[in-house]
Amino acid sequence: MVHQQSSQPRLSPSSDTEDMAEMSKLLAPRLAYFAGVARTEHVTRAAQEMNVPQSTLSRSMARLEQDLGVDLFARRGRTVSLTPAGRTFLASVERALAEVERAAEEVRADADPTTGKVAFGFLHTMGAETVPGLLHAFRADHPRVRFSLVQNYGEAMLERLRAGELDLCLTSPVPDAPDLVARRLDEQKLRLVVPADHSLAGRRRIRLAEAADETFVTLEPGYGLRRITDDLCKEAGFKPRIAFEGEEAETLRGLVAAGLGVALLPPPAVPRPGVVELTVTAPRAAREIGVAWLEGHPDTPPVAAFKKFLLSRRGSLLPT
């Protein structure tokens, strides 16, 4: 027996997607036309109200019915009335058009130069003092701009930048990636934090190599500060022995106060009892803070204004 292949063409998944996209592009304006005709029940009047040629409107309605495979209107000359299928379809179309208009109003509001919105991400360690101070200073000239604030570690914020969920983020280390634009804004010294009753607590300065035998508490892998800690310890000639890993610097400071280890941390917003913070003289212990955004991503006026403000704070981003 000879099996013949069907001559009927088969659509690839990509072809199906392209066909659906093309249909959606054609269907969208027809829905608005359909709602207008359904509201007026008169083709000529609907064409006048929507400022489109009557012939265009008539062809659009005929093609919509053809695509759906059902009659939406009963026609009597230029007067039309909805069929039962047309009434069912109209209810859904009106909800869809209302949702589109709501979304359009929302994005227009977010882009408004005076009252628009900025989606801004920043590190946990910058949430207590640095970011509130920045927002206070920015809103002196832009009092009605709104902010959607996200606190997270660096890699997670960069993922949200790439997903379009953030407009800008303050992060460390300053990223170097082809799809991102990043600008260095400031530098923050790191200190070796030890318990108040530790043998090193009487010191003011220390070389990091002197802490080679200490137990460390650090942020989890993937955090920028963890990477910096590992790199500094390696530069000092040792690999840190890690007892605890956490997600926030202040939690680590609490673990140090409890005598569970030492940590390399940026300065606290408010001094914490139970710990002593030592200046690290070698290697140079600091982290760069920068602002990043998506390459080629167009800025709305409020985002552009806030970006310009952040860039103007080079060297004075952090509180002294």
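Just the heavy atoms: all of them, side chains too, but no hydrogens, waters or symmetry mates, feed the values below.
When atom types are taken as modelled, the side chain of T229 and the backbone of L225 share a donor-acceptor pair closer than 3.5 angstrom. Side chain of T83 to backbone of L72: a donor-acceptor contact under 3.5 angstrom is found. Between the side chain of S312 and the backbone N or O of F309, at least one donor-acceptor pair lies under 3.5 Å. Counting only distance, with no hydrogens or angles, the side chain of D186 and the backbone of L318 share a donor-acceptor pair below 3.5 Å.
When side chains are defined from C-beta on, L180 counts as touching R162, because their heavy atoms get closer than 4.5 Å. Put simply, the side chain of H198 does not reach to within 4.5 Å of the side chain of V276, judged on heavy atoms. Proximity of F73 to E41: side-chain heavy atoms (C-beta onward) are nowhere separated by under 4.5 Å. At least one side-chain heavy atom of I228 sits less than 4.5 Å from a side-chain heavy atom of S172. For the pair M61 and F34, the minimum side-chain heavy-atom distance is below 4.5 Å. For the pair P268/E129, no side-chain contact is recorded, criterion being any heavy-atom separation below 4.5 Å from C-beta on. Side-chain contact between T130 and P319: present, with at least one pair of heavy atoms (C-beta onward) separated by less than 4.5 Å. A heavy-atom distance below 4.5 Å is found between the side chains of L200 and E214.
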L278 vs R191, test: side-chain contact (heavy atoms from CB on, under 4.5 Å). Steps then yes/no. CA-CA 5 Å; L278 309 179; R191 300 167 177 172; 5.9 Å; no
So S148 and E165, side-chain contact (heavy atoms from CB on, under 4.5 Å) or not? Walk me through it. CA-CA 10 Å; S148 173; E165 297 173 10; over 6 Å; no
Before you tell me yes or no, could you show the steps for L57 and V37 under side-chain contact (heavy atoms from CB on, under 4.5 Å), namely the whole-Å CA-CA distance, both residues' side-chain angles and the distance that decides it to 0.1 Å? CA-CA 9 Å; L57 196 58; V37 174; 3.7 Å; yes
Before giving the answer on side chain to side chain donor-acceptor pair (under 3.5 Å), spell out for T44 and Q54 the whole-Å C-alpha distance, their side-chain angles and the decisive distance to 0.1 Å. CA-CA 6 Å; T44 302; Q54 180 179 311; 2.7 Å; yes
Between L134 and L170, does a side-chain contact (heavy atoms from CB on, under 4.5 Å) hold up when you go through it step by step? CA-CA 11 Å; L134 290 172; L170 286 182; 3.9 Å; yes
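Distance OG1/T251 to CZ/F244: 12.5 Å, rounded to 0.5 Å. Taken from CG in L310 to CG in L317, the straight-line distance is 7.0 Å, to the nearest 0.5 Å. Once rounded to the nearest 0.5 Å, the distance linking CZ of F120 with CE of M157 reads 8.5 Å. L252 contributes atom CG, which lies 12.0 Å from atom CZ of F216 (distance to the nearest 0.5 angstrom). With values rounded to the nearest 0.5 angstrom, E49 atom CD is found 11.0 Å from N51 atom CG. Atom-to-atom distance recorded for R287:CZ and L123:CG is 5.5 Å, nearest 0.5 angstrom.
No salt bridge links K234 with D230; every basic N to acidic carboxylate O contact stays at or beyond 4.0 Å. Of the charged side-chain nitrogens involved, at least one lies within less than 4.0 Å of a carboxylate oxygen, so that R102 and E106 count as a salt-bridged pair. Salt-bridge formation is detected for the pair E105/R108: a Lys NZ or Arg NE/NH1/NH2 atom is positioned less than 4.0 Å from an Asp or Glu carboxylate oxygen. The pair R227-D231 fails the salt-bridge criterion, with no side-chain N (NZ, NE, NH1 or NH2) lying under 4.0 Å from an Asp/Glu carboxylate O.
The aromatic rings of F138 and H142 lie parallel to each other, with less than 30° between the two planes, well short of the 60° mark. Relative ring orientation between F306 and F147 is described as perpendicular, the plane-to-plane angle rising above 60° on a 0-90° scale split at 30° and 60°.
Closest non-hydrogen pair, L232 versus L264, comes out as CD1-CD1, 4.2 Å. In terms of heavy atoms, R226 sits closest to E245 at NH1-OE2, 2.9 Å. M50 and G36 make their closest contact through CE-CA, 4.0 Å (heavy atoms, listed as atom of the first residue, atom of the second, distance). Here the closest non-hydrogen pair linking R75 and E65 is NH2-OE1, 2.8 Å. Closest approach of A211 and L192 over heavy atoms only: CB-CD2, 4.0 Å. For the pair A243 and L260, the tightest heavy-atom approach, listed with the atom from each and the gap, is CB-O, 4.2 Å.
Counting non-hydrogen atoms of other residues, nucleotides and ligands closer than 6.0 Å to CZ of R284 gives a total of 12 or fewer.
Just one residue in the list R204, R253, R205, K189 forms a salt bridge (charged side-chain N to carboxylate O under 4.0 Å, His left out) with E277, and that residue is R253.
No continuous path of hydrophobic side-chain contacts links F122 to L265 [ILVMFWY only; heavy atoms under 4.5 Å].
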